[in-house]
Amino acid sequence: MPVNTRIRIRTAVAVALLAGLLAGGTAHTATAAPAVPAAQLRAAATGPDVAALERAIAQVPDDDVTAALIRVGGDGSWTGTAGLRSRHTGAAATQDLRFRAGSTTKVVTASIVLQLVAEGRVELDAPVTRYLPGLLPASFTEPPTVRHLLTWTSGLKAGAALGDTPEEMYAQRFRTLTPQRVVATAVAKGPAFTPGERQVYQNIDYTVLGLLIERVTGDRYAHQAEVRVLRPLGMRDTGFPAGPDPVIHGPHLRAYAEVGGRTVDVTEWNMSDRWAAGDMISTTADLEKLVRGLFGGRVVPRPLLDRMLTLPDVEGATHGMGLQRFVHDNGTVIWAKTGSRPGYHTVLAAARDANGRLTRTVVYSVTARSARDDGLGLASRFALPAFNR
């Protein structure tokens with residue numbers, strides 16, 4: 001069973017205890033270690049729950065999960081890799097493999113829009129029709145604002161999709177459904193509710209934001225993502241498919257899902273309909289750079305980061321702009337984004353202290369048959385233990 005965990009707890013006591021294990025996997029008698037400062041001992045006690053994380057990946061691969069790639073950072077860090085790159089070849093998974101990152105793409109999209117706000121090219125409370133004239137038919141008597149789109153309070157209805165069941169989607173996985181077609185079919189249905197009245201998480205809001213980015217900048221969405229976010233953060237292994245290209249280029253995890261009562265390989269898939277809402281391909285190392293860069297104020301200015309982490313004044317709202325707010329059982333506030341595509345489940349998450357200092361980050365990619373059906377179960381197993389203390 002391929003399991004490889006690498007622990008980097010930043011304390012002298014951790015180094016002393018684990019040196020033999022990390023060197024060759026065999027325990028050795030330790031010589032006397034120097035006294036450990038109290039501050040370092042406190043760091044060890046508040047670092048990631050390594051035992052829980054190791055238990056989470058100990059049985060991978062199993063009947064559901066093929067591979068798990070996890071990175072934990074902040075006050076104490078840990079990296080875990082388990083499972084198979086491919087069930088067909090039996091090759092072991094490695095931390096550098098690419099995968100479909102799903103809706104974590106929305107973090108990039110929200111960041112680009114907020115950069116345009118910082119530049120004075122977009123106003124948060126301006127109607128989207130200022131930037132996309134002709135977008136909405138007359139049935140929209142009150143057009144949503146940019147802020148409404150960012151916070152999933154726009155009142156737009158979902159657009160066209162390539163099937164509702166796994167069987168329907170799998171049969172049409174190589175068909176192209178353009179973002180323009182998705183938006184056109186959505187707005188043709190009229191509004192679902194008055195903008196700002198409720199929060200409904202869906203892809204359509206961020207597909208419209210992708211069109212807004214292209215109209216305002218006069219450039220392709222993917223190129224704007226590259227020059228504004230990916231390249232400045234050194235995310236060299238992250239990118240977007242070229243239109244309908246169904247292939248993940250470069251070394252990558254293969255994914256599997258249950259379709260029609262059997263397990264099938266769902267790695268190759270045309271994601272053109274997801275676009276700015278969910279077609280990014282990345283690695284755990286790159287997504288960790290995104291989280292650290294965003295919360296470190298290197299992606300959007302800190303005043304706009306604060307707005308990004310503010311819930312709209314809507315009953316039951318849990319999403320800010322591009323991110324969702326969770327509260328751990330121990331009271332820790334976690335800002336996170338999940339991404340699920342057939343066979344792939346991705347999480348990026350972070351917690352801060354009262355002064356806004358980043359204290360914990362978690363990024364994972366898990367290939368699992370349950371990726372689209374049990375995301376909470378996967379996140380509870382592979383991400384939440386990092387915030388246990």
Side-chain angles (χ1 to χ4, degrees), residues 1-25 40 43-62 65-85 91-99 101 104 233-238 250-253 281-296 334 336-339 344-351 358-368 378-389:
M1 182 181 305
V3 176
N4 174 33
T5 58
R6 181 161 53 90
I7 303 167
R8 304 193 316 264
I9 306 298
R10 300 188 183 98
T11 67
V13 67
V15 172
L17 291 174
L18 293 171
L21 291 174
L22 294 176
Q40 290 184 337
T46 58
D49 188 344
V50 171
L53 290 164
E54 289 183 331
R55 286 195 299 271
I57 66 173
Q59 301 305 315
V60 176
D62 55 31
V65 178
T66 298
L69 314 179
I70 311 172
R71 298 179 73 92
V72 181
D75 294 342
S77 57
W78 178 90
T79 302
T81 304
L84 303 173
R85 172 178 176 173
T94 55
Q95 193 66 221
D96 61 337
L97 296 175
R98 295 184 174 115
F99 49 83
T104 61
L233 294 180
M235 298 172 63
R236 297 182 180 86
D237 293 312
T238 300
H252 59 275
L253 289 172
I281 294 168
S282 192
T283 65
T284 54
D286 274 7
L287 290 183
E288 185 176 62
K289 292 174 183 176
L290 175 61
V291 175
R292 296 184 66 84
L294 178 65
F295 283 85
I334 304 167
K337 188 70 196 78
T338 61
Y344 292 97
H345 196 264
T346 303
V347 162
L348 57 82
L358 192 61
T359 57
R360 183 64 37 78
T361 63
V362 178
V363 169
Y364 81 54
S365 176
V366 171
T367 50
L378 293 171
S380 297
R381 177 180 175 184
F382 296 108
L384 287 183
F387 298 97
N388 283 351
R389 59 193 187 197

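What you see below is based on every heavy atom in this structure, not just the backbone, and it leaves out hydrogens, waters and symmetry mates.
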Phe382 versus Ala68, closest heavy-atom pair with distance: CE2-CB, 3.9 Å

Salt bridge (charged side-chain N to carboxylate O under 4.0 Å, His left out) partners for Arg98, two or more places apart: Asp237

Residues in side chain to side chain donor-acceptor pair (under 3.5 Å) contact with Thr94, at least two apart in sequence or another chain: Asp96

Listed partners of Arg292 passing salt bridge (charged side-chain N to carboxylate O under 4.0 Å, His left out), at least two apart: none

Side-chain heavy atoms of Val363 within contact of Leu290, under 4.5 Å: no

Gap between atom OG1 of Thr346 and atom NZ of Lys337 - 0.5 Å precision: 10.0 Å

Between CH2 on residue Trp78 and CG on residue Asp49, distance to nearest 0.5 Å: 10.5 Å

Arg71 to Gln95 - nearest heavy-atom pair and separation: CG-OE1, 3.2 Å

For Arg236, side-chain contact (heavy atoms from CB on, under 4.5 Å) partners two or more places apart: Lys289

Pro385 to Leu53 - nearest heavy-atom pair and separation: CB-CD2, 4.0 Å

Distance in Å, Phe99 CZ paired with Thr104 OG1, rounded so as to fall on 0.5 Å steps: 7.0 Å

Between CG on residue Leu294 and OG1 on residue Thr361, distance to nearest 0.5 Å: 12.0 Å

Steps toward side-chain contact (heavy atoms from CB on, under 4.5 Å) verdict (Arg381, Val65): CA-CA 11 Å; Arg381 177 180 175 184; Val65 178; 3.8 Å; yes

Step-by-step side-chain contact (heavy atoms from CB on, under 4.5 Å) determination, Leu378 to Val347: CA-CA 9 Å; Leu378 293 171; Val347 162; over 6 Å; no

Residues that Thr283 engages under side chain to side chain donor-acceptor pair (under 3.5 Å), provided they are two or more places apart: none

Heavy-atom closest contact (Thr238 atom, Ser282 atom, distance): OG1-OG, 2.7 Å

All side chain to side chain donor-acceptor pair (under 3.5 Å) counterparts of Tyr364, not counting sequence neighbours: His345

Leu253/Leu69 under side-chain contact (heavy atoms from CB on, under 4.5 Å): CA gap, chis, key distance, verdict: CA-CA 10 Å; Leu253 289 172; Leu69 314 179; 3.7 Å; yes

Closest non-hydrogen atom pair between Ala82 and Ala93, with its separation: O-CB, 4.0 Å

Contact summary for Ile57 and Gly80, nearest pair of heavy atoms: CD1-CA, 4.2 Å

Test side chain to side chain donor-acceptor pair (under 3.5 Å) applied to Thr66 - qualifying residues, sequence neighbours left out: Arg87

